[in-house]
Amino acid sequence: MRTLLIAITVLIALAIAIVVAVRLPVEVAPPPPAPPLAAPEGDTPERPAREELPLSPEVRLGLPDCPDAAGDDLRSADALECWFADGTFGPWHMVSSLEIQGITITRLMATDPGVAGTVARRLVEQGGSGVEEVLVYAKPLRGAGVTRVRWTPDDGYHTSVFGDR
């Protein structure tokens, strides 16, 4: 009987501890700011000129720079195996691309997620009349958030930003 009384007491104490712990406020410290990838130079108000810092081997994932021909067909396997250089948006890489029943979904990693619009336009141009929808998701190399560009023949291009940027 004494063992049962001890077990019940321990269970009640555990239940009280859990209830109290759930109600305690938890302060989450914001992450430290990431150092910038590029040093902006005031070129135009819309998009300043950039001098990109070289990407570290860890970020590059062992992938080389893309040959010029890789941009001619972004749906090819060659486009998934390299880093594209873009004078406006900086380096970007296609992480994955899926095409099924006229819908193309592409994921990018980029120094500037604004490249998603350019990639979406190129995918639409290269897809011909069989394209029904294009979705391009771009995640920045540093920072949070995802930029999505969606294109349909009826609605055209729409850009959405999810999460903090």
Side-chain angles (χ1 to χ4, degrees), residues 26-165:
V26 176
E27 293 184 29
V28 178
L37 283 176
E41 299 170 8
D43 191 53
T44 63
E46 305 88 38
R47 174 85 44 203
R50 298 164 148 297
E51 181 181 320
E52 293 295 327
L53 299 174
L55 297 177
S56 68
E58 296 82 22
V59 171
R60 292 184 67 86
L61 306 170
L63 299 173
D65 290 334
C66 290
D68 293 335
D72 295 340
D73 186 7
L74 291 179
R75 290 174 165 78
S76 71
D78 292 338
L80 293 169
E81 299 173 353
C82 57
W83 281 87
F84 288 88
D86 186 300
T88 306
F89 297 104
W92 58 276
H93 166 65
M94 289 179 62
V95 176
S96 66
S97 187
L98 172 68
E99 188 170 344
I100 186 165
Q101 296 182 351
I103 300 171
T104 301
I105 303 169
T106 302
R107 290 179 39 225
L108 310 175
M109 267 185 4
T111 53
D112 183 346
V115 75
T118 301
V119 173
R121 282 173 174 68
R122 287 168 67 186
L123 286 167
V124 170
E125 291 168 4
Q126 294 172 2
S129 62
V131 178
E132 293 184 24
E133 183 175 10
V134 171
L135 295 162
V136 177
Y137 294 87
K139 174 147 180 32
L141 290 173
R142 292 194 175 131
V146 173
T147 298
R148 179 189 75 184
V149 175
R150 178 178 186 249
W151 175 87
T152 61
D154 295 334
D155 297 330
Y157 295 93
H158 291 283
T159 302
S160 303
V161 178
F162 303 99
D164 297 327
R165 277 190 58 189

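Side-chain atoms of R122 come within 3.5 Å of backbone atoms of G71 as a donor-acceptor pair (strictly under, hydrogens ignored).
Using a 4.5 Å heavy-atom threshold, the side chains of R75 and Q126 count as touching. Taking the side chain as every heavy atom from C-beta outward, L74 and F84 approach each other to under 4.5 Å. Contact of the V131 side chain with the W151 side chain is registered, since non-hydrogen atoms from C-beta on lie closer than 4.5 Å.
Partners of E133 under the side-chain contact (heavy atoms from CB on, under 4.5 Å) rule, at least two apart in sequence or in another chain, are I103, L135, R150, T152.
Taking both residues in full, the closest heavy atoms of G117 and V149 are given as N-CG2, 3.6 Å, listed atom of the first, atom of the second, then distance. Shown here for T147 and P113, the closest heavy-atom pair between the two residues is OG1-CB, 3.5 Å. When all heavy atoms of L141 and M109 are compared, the closest pair comes out as CD2-CE, 3.7 Å.
To the nearest 0.5 Å, atom CD of residue E81 and atom NE2 of residue H93 are 9.5 Å apart. Here the OG1-CD distance, from T104 to E132, works out to 10.0 Å after rounding to the nearest 0.5 Å. Taken from OG1 in T106 to OH in Y137, the straight-line distance is 10.5 Å, to the nearest 0.5 Å.
The cationic atom of R121 (NZ for Lys, CZ for Arg) lies less than 6.0 Å from the six-membered ring centre of Y157 and within 45° of the ring axis.
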